[in-house]
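What you see is a predicted model, and the numbers here were worked out from it, not measured in a lab. We name chains A, B, ... by the order of the sequence lines, and we start the count at 1 in each one.
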There are 2 protein chains.
Amino acid sequence: MEAEQADTHPVATASRKRLPRAERERQILEVAEEVFATRGYQTTSMDDIAQRVGLSKPMLYEYFGSKDGLLLACLERARRELLESTTAAAANAVGPEQLLHDGLLAFFRFSDEHRQAWALLRNESTVPSLPVNSELESIRSQQVEFTADMLRLSLPNMNEERLEAFAEAIIGACERLAMWRERRPEITPEVATEHLMALVSPSLTTA
Amino acid sequence: MEAEQADTHPVATASRKRLPRAERERQILEVAEEVFATRGYQTTSMDDIAQRVGLSKPMLYEYFGSKDGLLLACLERARRELLESTTAAAANAVGPEQLLHDGLLAFFRFSDEHRQAWALLRNESTVPSLPVNSELESIRSQQVEFTADMLRLSLPNMNEERLEAFAEAIIGACERLAMWRERRPEITPEVATEHLMALVSPSLTTA
DNA sequence: TTCAGTAGGTTACTACCGGTAAGTTATGTG
DNA sequence: CACATAACTTACCGGTAGTAACCTACTGAA
């Protein structure tokens, strides 16, 4: 009804044209990730996003099915990026100790450089949607499994249950430390990694 | 429109009377905690809760102000209970090592015995409500500060930043392990505590 | 050149839920 | 027995997820 909000310009200038589906989808995803991450999922309406893209709501439903579906698409992209970052780091590590170190560092760097993606992942069960929750759960499993694999290299003799516990605990510690870093900007990814290594590595080298 | 849901009986039988405010509030809180914990905050409507209590929606607003206010009241109760549990455990511990052990054990026991309360606390920023989020944040700070105090006893010489990092990391580990336990019912609070102690205690005793 | 098929896009609705205004009834007390 | 008031209800509003039905610009063949 009333005029457009002051700061929600219809993304860029040239978007007042029909665009091929693939390109629109990328555009929508970009806007959605930003706005979900900064204003929150619940607070954001589909009309908000549509308006920011310079489009009408039904197109979002045409391409992503539902609001959950749109978030899901954002999460899937974030998962890919996170996996790439951590596996790349693991690829050129030397020993088992170094492997864990580099994996942790890659995680903290990810939460640093992809703040929006991290903000989406950090939210637990914001959404009452089964697909979204199982996606979040599966992202976590991915990380836990990744960590467990590293631990298996360091501690080939440890029983499986304890190994699982260690992996879960380390992932939990990572998440909290990443959130801690949001309040303490002077803590670099390197420093955070060092703190966490100081906490866990003694129990890995001795056993 | 359609009939009432099969299983949403108007709580107990005798509630078809005017009750004094204090008693109704307790009743509402009980129902709200259960239904928020099991079906989730977003999924639950105020009419749902009202119907389960055997009451009409405006009474909930009369007593709790808003949906967030109702959740907030649940959280405040959960915080009290958690604080009681952990401080009680800390009271009769002997050394610094034992102190940490008993604190962790109390936490896992809490998440075991007060499942609904824990389910509420576990949810990160489910709600776009500032009061709710700051309550959750303050509950966490409480736990972190509690842990930091314990660590200070074990490690009086450690620099403050690392100590904070350790406390955050341990709380994160606790949370993840508590969630892990939900999928692994055979893991008792004692066993979980032992795993976590195995991970962190080497770095505490040596330094 | 034209014109049908379709991908891209919109308007205008419904259903549901958080929240509220205004009114109604039970109940304890002078 | 008033009657004040605490306990409670009905009936509404605004906003948002989701949908139906319709429109329109572009493409490629006849």
Side-chain angles (χ1 to χ4, degrees), chain A residues 1-2 4-5 8 10-11 14-29 31-32 35-36 39-74 126-132, chain B residues 1-2 4-5 8 10-11 14-29 31-32 35-36 39-74 126-132:
Chain A
M1 295 308 173
E2 61 289 353
E4 67 293 345
Q5 288 92 312
T8 61
V11 92
S15 71
R16 274 300 170 202
K17 262 195 65 178
R18 275 161 137 87
L19 290 183
R21 174 163 183 156
E23 195 169 340
R24 267 288 190 240
E25 281 181 345
R26 271 199 308 276
Q27 210 179 86
I28 293 169
L29 274 181
V31 170
V35 69
F36 281 155
R39 304 196 357 177
Y41 177 80
Q42 299 292 343
T43 322
T44 304
S45 76
M46 290 296 265
D47 278 318
D48 281 347
I49 297 173
Q51 193 190 350
R52 275 178 143 93
V53 177
L55 210 59
S56 68
K57 188 171 56 169
M59 289 309 293
L60 307 188
Y61 284 91
E62 178 72 20
Y63 289 164
F64 296 97
S66 66
K67 195 183 179 187
D68 294 345
L70 182 51
L71 177 60
L72 198 60
C74 294
T126 303
V127 196
S129 147
L130 186 60
V132 168
Chain B
M1 299 308 171
E2 59 290 354
E4 67 292 344
Q5 290 92 312
T8 62
V11 91
S15 71
R16 271 299 168 202
K17 261 195 65 177
R18 275 162 139 85
L19 290 184
R21 174 163 183 156
E23 196 169 340
R24 268 288 189 240
E25 282 182 346
R26 272 200 307 275
Q27 208 177 87
I28 293 169
L29 274 180
V31 171
V35 68
F36 281 155
R39 304 196 355 176
Y41 178 80
Q42 299 292 343
T43 322
T44 304
S45 76
M46 290 297 265
D47 278 317
D48 281 347
I49 297 173
Q51 194 192 347
R52 275 179 144 92
V53 177
L55 212 58
S56 68
K57 188 171 57 167
M59 289 308 294
L60 308 188
Y61 284 92
E62 178 72 21
Y63 290 163
F64 296 97
S66 66
K67 195 184 179 187
D68 294 345
L70 182 52
L71 177 60
L72 199 59
C74 294
T126 303
V127 196
S129 147
L130 186 61
V132 168

Worksheet entry | Rounded interatomic separation in angstrom, taking NZ from A:Lys57 and C1' from D:dG18 | 7 Å
Worksheet entry | For atom CD1 of A:Ile49 and atom P of D:dG18, their distance in whole Å | 11 Å
Worksheet, complete the sentence: The correct set of residues in residues 60-69 of chain B placing a heavy atom under 4.0 Å from DNA chain D is B:Tyr63
Fill in: Side-chain (B:Tyr41) to main-chain (B:Asp68) donor-acceptor, under 3.5 angstrom
yes
Worksheet item: Between atom CD in A:Gln42 and atom C1' in C:dG18, what is the gap in whole Å?
Response: 13 Å
Item to complete: For A:Ser56, check side chain to side chain contact (heavy atoms under 4.5 Å, CB included) against everything at least two apart and list the hits.
Response: A:Pro58, A:Met59
Discussion item. Taking the nucleotide of DNA chain C with the nearest heavy atom to each, does A:Pro20 or B:Ser45 sit closer to the 5' end?
Written reply: A:Pro20
Worksheet item: Looking at the side chain of A:Met59, which of C:dG18, C:dG9, D:dA7 is the nearest nucleotide?
Response: C:dG9
Response to the item:
Taken to the nearest whole Å, CZ/A:Arg21 to P/C:dG9 is 11 Å
Worksheet item: Which atom pair, heavy atoms only, marks the closest approach of B:Ala50 to B:Leu60?
Response: N-CD1, 3.9 Å
Discussion item. Let me spell it out: for each of B:Ser56 and A:Met46, pick the nucleotide of DNA chain D with the closest heavy atom. Which residue's pick is nearer the 5' end?
Written reply: B:Ser56
Discussion item. Can you list everything that forms a side chain to side chain contact (heavy atoms under 4.5 Å, CB included) with B:Arg26? Sequence neighbours excluded, please.
Written reply: B:Glu23
Practice prompt. Could you encode protein contacts along nucleotides 22-30 of chain C as a string, one character per nucleotide from 5' to 3', using B for base contact, S for sugar-phosphate-only contact and - for no contact, with a heavy-atom cut-off of under 4.0 Å?
Written response: ---BSS---
Worksheet item: Which whole-number value in Å describes the distance from B:Glu23 CD to D:dA6 P?
Response: 18 Å
Discussion item. Taking any heavy-atom pair under 4.0 Å as a contact, classify A:Thr44: base, sugar-phosphate, or nothing.
Written reply: sugar-phosphate
Practice prompt. Any pair with a residue in residues 56-67 of chain B that passes salt bridge (Lys or Arg N to Asp or Glu O under 4.0 Å), sequence neighbours left out, goes on the list, sorted by first then second residue, please.
Written response: B:Asp47-B:Lys57
Item to complete: Take atom CD of B:Gln51 and atom C1' of C:dC17, then tell me their distance rounded to the nearest Å.
Response: 14 Å
Response to the item:
Rounded to whole Å, CG of A:Leu19 lies from P of C:dG8 at a distance of 9 Å
Worksheet item: Is there a side-chain contact between A:Met46 and A:Leu70 (heavy atoms, below 4.5 Å)?
Response: yes
Worksheet entry | OP1 or OP2 of C:dA7 under 4.0 Å from side-chain N/O of A:Arg24 | no
Response to the item:
Here the pair of heavy atoms bringing A:Cys74 nearest to A:Phe36 is SG-CD1, 4.4 Å
Response to the item:
CD1 (B:Ile49) and CZ (B:Phe64) are apart, to the nearest 0.5 Å, by 9.5 Å
Fill in: Length of the CG-C1' vector between A:Asp47 and D:dG15, whole Å
10 Å
Discussion item. My understanding is that only residues two or more places apart in sequence, or in another chain, count here; which of them pass side chain to side chain contact (heavy atoms under 4.5 Å, CB included) with B:Pro131?
Written reply: B:Leu72, B:Ser129
